Amino acid sequence: MICQARLLKIEKQHKTTQDPSLLSKIKEIRDNIDRLLTTEIEKKTRFLKQSYYEVGPRATKLLAKRLKRQQADRTIHKIRDINTNQVINEPKEIETKFMNYYRDLYSQPLSADTDQIKVFLKDLDLPAIGKNQNDLLTSPITREEIQKAVSKLKTGKSPGSDGLPSEWYRTLSEQLIPLLELSFNYTLEYGEIPPSWKEAIITVIPKKNNSETCSDYRPISLLNIDYKLYTSIISKRYEHFLSDIIEEDQTGFIKGRQAQDNIRRTLHIIDHIQNKNISAALISLDAEKAFDSVNWTFLYLVLKQFGLNDKAVECIKTLYQRPTARIRINGSLTESITLERSTRQGCCLSPILFAIFIEPLAQAIRQNKDLKGIKVGRNVHTIGLFADDVICYLEDPDTCIPILINQLEEFGFYSGYKLNLTKTQILTFNCHPPKHIQSKYNLNWNATKMKYLGVTLTRRIDEIYEANYIKVDKEIRNDLDRWTVLPLDIGLRIETIKMNILPRILYLFQALPIEIPEKQFRIWDKIISRYIWNGHRPRIKFKTLQIGKDGGGMALPNLQEYYHAAQIRPVICWCDEDYVAKWKNFEQFVHGREIQSLIGDREETLSMIEHVDTVTRFTLKMWFNLVQKYRLEKELRLIQWIAYDRCFIPSSLDQTFKQWITSGVTAMCTLIKNGNFMNFQEIKQKYNLNNRDHFRYLQIRDYFDKEIRHNVDLDNNGIIRTIIGVYNSKKYRIISTVYHNLMERRGNTTSYVKLKWEGELGVNISEDEWLQIWRTQQSTTSSRAWRLFCWKSLIRFFITPKIQNKYLLASQPCWRKCGATNVDHSHVFWLCPKIIKFWEDAHLNIVRILDYDISKSCVLLYFGNMTGNVVLKEDRYLLKILLAACKKAITRKWYKPDPPTQDDWLKIVNEIYVMELLTHKIRTQEEQCREKWEKWTVYASTTGQGLSH
């Protein structure tokens, strides 16, 4: 800017004076500006190149938006005025419309006064926390808490109004944490927040493709990172007791609870309604802007009702001291508006506060004696919640629906909650409400299905598959057809399956305990394979792509095994005493026996399975099908309950073994520690047994030693090992753990690839070395593109003359004209006479770079096997790059007669060096990078190769 101002000044002088000496100055300044612009362009180009270098063939956020049919350009070109129905196109008018909309939305309407709210809450049977929990909430924030919060910050997220991104906090955490500790504790102690915390930037995201009104956009608050750190710490403290004060009906934002819990419970209720022919209705409630309508006065009083002391409540009040917001529309910011209600969408505390805010509604419905829920056994099911997604289960809907609506209106008067009847759904069973009810409430009374938490519910369980999977199958086909035309390579295509296809289909797997035909999985595999290879002949086996990356595959999801893992998740939850969910009440007992005791006894279960409800029956059948498929029968004896084990004769003669169940002695594995049977003193102390139980202990131990110990290979069975871990209170990510166990049981490996290399090269590679070689490829450079290339080189991805021979049905010579024909990968990459010299020279240069000798074998130079002490640990990073560059030099001369030269190789190494250095600079790890590359930079400078920076 200074140069341009000076240039403009001198040009004006020259125009006035026509002084020839000024021309040289003008030229000099213009040259300087050109150099500066050129440097800036080169810099930006290099950074752009670096982003592609690091990300490589991965489905980035931009690609994700394309896949989801979201427009990359979120410019709002028009808004419809709902009052006049006019379309507004002027940018300033659009901004004004949004500002006025959110000003009205966040203003507090007239509502109940404090005394009225107190009376309402006092009548509710709400639990209260005690002194310990209050002390936890209000205790000084520690550096450890801040450090943990900082370490969990996600990178690449938009900063708040101060412009400081999460990367800044992570990089400077050592310097910032002491300052944050002082600031956070001042706020906690004195109830004053930094001024920057009061302001948020609201960015609006369209809920659907054709969003026309302001209400069609979802407001997300961009808050400062220090605010997020503070609220994340407070929210973590709430997690310690939230499940104790919020009923199991609420599964949203409560640690250990999931949306699928409510769906499974609802399916049980539907099955019960149909089996008992009950007149009932399911009502899915829709609230208008639930998070944005939270009345703060009501929220504070609810917090007090739950037992929070004044200081703990003040901690929340502090965050809502006349906060303001500006709305970002088309890149511009509106004037500030003052918020008088809402929980900010984007604040870490908002989900927890909303769960607390809406719990009084759930309790009011539960304890309303005039609302008749669905009674199953001893339990009555009236309401289920996932945050603001509320479903009610009502018997005698003609009477109960008006009572429910009145209850919702009363709660809305106190809290700000407002029901949106036009979007509320109803599903009736064995009833037809009278006309005066139907006319009074604008609901679709004839609906045969309804949407709830992402799944479609029907009146019959056997209609669930068609209502959900037929639709998702069509969506998958359409998406894959649409994405096929995109210029994506194999790595990116597999990423789109992981990122887009798997999550939505896995959600259905988890939510719906229904059978999917075997044929459907074959169809999905076929269309996914066609998409991955873009309609061409596959180069790699589909099963090989499904192997994990450490084993030589690409971790392409195996949909069938994900389905199996999802379907046996409830089996593992049965065995986890700490896992609490309302659906477990339906499945707790089968014919008087604990359901966990059945999973180890196939014959006993099958004899009574027809008398079990539909959902539980399906899960048990699925479990035993997998037991049979993967031959787990022997291992079942470890999870068989001792009291019911028909092979353990004393259990049928001595009822004390059944009494032990109440003490915790259930499955055989509960008496095993580190693979060995526990001694009597350990068991006696753990389960509070008596000395007179010693003989029973000896009976069980003898049975274990003779019948189980030598017949079961626990190390070879991850599924049973996971169940045993749950019995011993270990926590797992169940579906991913079981999925990987199932994939291991399938036994697919890349050993066939290893055998081809061994046969062609005349070398021997052990299985351990082979796995280590694959792990080496996955750590080559910071670039996903380079890691993909290294994988391709080992998996035999590239088309050689031998492969061409199969396609063209004619003998194909080596393109380097060495005289060989139909040559394979080993010849092209290593054995060709014209390539041997390249590897010899590369080896010589690598030895010079490392300054010590290494093996010249292909096992090291081509496969990168660095096991043993052949290569120093500090040199492995650099050597992996040098070897990858060698292989890249060969592929860049693919189909060309001339082999690569050392200059070709050195040029590629230098390209990688520049990008690695830039990547580490961005990560603030430049010094570490230069240390790793020091031997290369010394070599390059002494040989005159030159380094680009």
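Predicted model, so just to flag it, every value in this text is computed and none were measured.
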- prompt: So how far is it from Thr919 OG1 to Ile912 CD1, rounded to the nearest 0.5 Å?
  reply: 11.5 Å
message: Closer than 3.5 angstrom, by distance alone: can the side chain of Gln777 be matched with the main-chain N or O of Phe863 as a donor-acceptor pair?
response: yes
- line: Taken to the nearest 0.5 Å, the spacing of Lys236 NZ from Thr231 OG1 works out to 12.0 Å
message: Asp768 vs Ser766, test: side chain to side chain donor-acceptor pair (under 3.5 Å). Steps then yes/no.
response: CA-CA 5 Å; Asp768 288 341; Ser766 69; 5.5 Å; no
- prompt: Is a side-chain donor-acceptor pair under 3.5 Å present for Asn748 with Gln546?
  reply: no
field: Sole candidate of Trp786, Tyr877, Trp933 that passes side chain to side chain donor-acceptor pair (under 3.5 Å) when paired with Glu916
entry: Tyr877
- prompt: Is there a donor-acceptor contact under 3.5 Å from the side chain of Glu758 to the main chain of Ile765?
  reply: yes
- request: Could you grab the distance from atom CG of Asn910 to atom OG1 of Thr937, nearest 0.5 Å is fine?
  value: 10.5 Å
statement: For Ile490 and Ile532 the tightest heavy-atom approach is CG1-CG2, 3.8 Å
message: For a side chain to side chain contact (heavy atoms under 4.5 Å, CB included) check, start with the C-alpha distance between Phe184 and Glu145, then their side-chain angles and the critical distance, and finish with the verdict.
response: CA-CA 11 Å; Phe184 290 173; Glu145 287 180 298; over 6 Å; no
message: Is any side-chain heavy atom of Ile146 closer than 4.5 Å to one of Val150?
response: yes
Trp770/Thr749 under side chain to side chain contact (heavy atoms under 4.5 Å, CB included): CA gap, chis, key distance, verdict: CA-CA 11 Å; Trp770 184 242; Thr749 69; over 6 Å; no
query: Is a side-chain donor-acceptor pair under 3.5 Å present for Asp226 with Ser183?
result: no
field: Charged N-O contact under 4.0 Å between Asp903 and Lys907
entry: no
message: For a 4.5 angstrom cut-off between non-hydrogen side-chain atoms, does Asp489 reach Leu788?
response: yes
message: salt bridge (charged side-chain N to carboxylate O under 4.0 Å, His left out) for Asp578 and Lys731? Distances and angles first, verdict last.
response: CA-CA 10 Å; Asp578 296 330; Lys731 301 303 175 186; 3.2 Å; yes
message: So does Ile734 get a backbone contact from the side chain of Thr722, meaning a donor-acceptor N/O pair under 3.5 Å?
response: no
- request: Return yes if some donor-acceptor pair links the side-chain N/O of Ser529 with the main-chain N/O of Asp525 below 3.5 Å, else return no.
  value: no
task: Please answer whether the main-chain N or O of Ile572 pairs with a side-chain N or O of Asp576 as donor and acceptor at a distance below 3.5 Å.
output: no
- request: State whether the number of non-hydrogen atoms from other residues, nucleotides or ligands found under 6.0 Å of Lys498 atom NZ is greater than 12.
  value: yes
- request: Work out which heavy atom in Pro557 is nearest to a heavy atom in Tyr562; give both atom names and the distance.
  value: CB-CE1, 3.8 Å
- request: Carefully, step by step, assess Met866 and Asp875 under the rule side chain to side chain contact (heavy atoms under 4.5 Å, CB included).
  value: CA-CA 11 Å; Met866 302 181 195; Asp875 293 331; over 6 Å; no
field: Side chain Arg143, main chain Glu181, donor-acceptor under 3.5 Å
entry: no
- prompt: Is Lys673 salt-bridged to Glu682, cutoff N-O under 4.0 Å?
  reply: yes
Nearest heavy atoms of Ser166 and Thr155, plus distance in Å: OG-CA, 3.6 Å
message: Quick one, Leu872 and Tyr852 - any side-chain contact, counting heavy atoms below 4.5 Å?
response: yes
query: Is there a donor-acceptor contact under 3.5 Å linking the side chains of Lys880 and Ser779?
result: yes
message: So if I apply the ring-ring contact (aromatic ring centres under 6.0 Å, His included) rule between Phe829 and each of Phe838, Phe797, Trp839, Trp894, which one comes out positive?
response: Trp894
- prompt: Which heavy-atom pair separates Val763 from Cys858 by the least distance, and what is that distance?
  reply: CG1-SG, 4.0 Å
field: Contacts of type salt bridge (Lys or Arg N to Asp or Glu O under 4.0 Å), residue Glu167, not counting sequence neighbours
entry: none
task: Return the minimal non-hydrogen interatomic distance between Trp757 and Ser793, and the atom names on each side.
output: CZ2-O, 3.5 Å
message: Please find the pair of heavy atoms, one from Ala884 and one from Thr780, that lie closest to each other, and give the distance.
response: CB-CG2, 3.9 Å
message: Quick check: do Leu742 and Ile719 have side-chain heavy atoms less than 4.5 Å from each other?
response: yes
message: Before you tell me yes or no, could you show the steps for Ile795 and Met554 under side chain to side chain contact (heavy atoms under 4.5 Å, CB included), namely the whole-Å CA-CA distance, both residues' side-chain angles and the distance that decides it to 0.1 Å?
response: CA-CA 11 Å; Ile795 204 67; Met554 286 290 287; over 6 Å; no
message: We want to know whether Glu840 and His843 form a side-chain donor-acceptor pair, criterion being a heavy-atom distance below 3.5 angstrom.
response: no
query: Any side-chain donor paired with an acceptor under 3.5 Å for Ser855 and Ser857?
result: yes
query: Charged N to carboxylate O under 4.0 angstrom, Asp904 versus Arg892?
result: no
- prompt: Looking at Lys932, Glu927, Arg930, which hits side-chain contact (heavy atoms from CB on, under 4.5 Å) with His920?
  reply: Lys932
- prompt: Between CD of Glu760 and CG of Leu755, what distance do you get to the nearest 0.5 Å?
  reply: 11.0 Å
task: Determine whether Pro900 and Ile835 make a side-chain contact, defined as any pair of heavy atoms from C-beta on separated by less than 4.5 Å.
output: yes
message: Within the structure provided, determine whether Tyr727 and Leu638 are in side-chain contact (heavy-atom separation under 4.5 Å).
response: no
task: Taking atom CD of Gln778 as the centre, report whether more than 12 heavy atoms of other residues, nucleotides or ligands fall under 6.0 Å from it.
output: yes
- prompt: Counting only heavy atoms not in Lys148, do more than 12 sit closer than 6.0 Å to its NZ atom?
  reply: no
- prompt: Side-chain contact, heavy-atom cut-off 4.5 Å: His827 with Cys814?
  reply: yes
OG1-NZ distance between Thr891 and Lys893, expressed to the nearest 0.5 angstrom: 11.0 Å
field: Asp841, CG atom: more than 12 neighbouring heavy atoms under 6.0 Å
entry: yes
- prompt: Within the distance-only criterion (no hydrogens, no angle test), does the side chain of Asp162 pair as donor or acceptor with the backbone N or O of Leu164 below 3.5 angstrom?
  reply: yes
- line: To the nearest 0.5 Å, atom CD of Glu495 lies from atom CG of Leu492 at 7.5 Å
field: Side chain to side chain, Tyr862 and Leu761, heavy atoms closer than 4.5 Å
entry: no
- prompt: Any donor-acceptor pair under 3.5 Å linking the side chain of Arg816 with the backbone of Lys834?
  reply: no
message: Main chain of Tyr939, side chain of Thr942: is a donor-acceptor contact present, judged purely on distance under 3.5 Å?
response: yes
message: Between Arg796 and Ser826 (side chain of the first, backbone of the second, donor and acceptor by atom type, cut-off under 3.5 Å), is there such a pair?
response: no
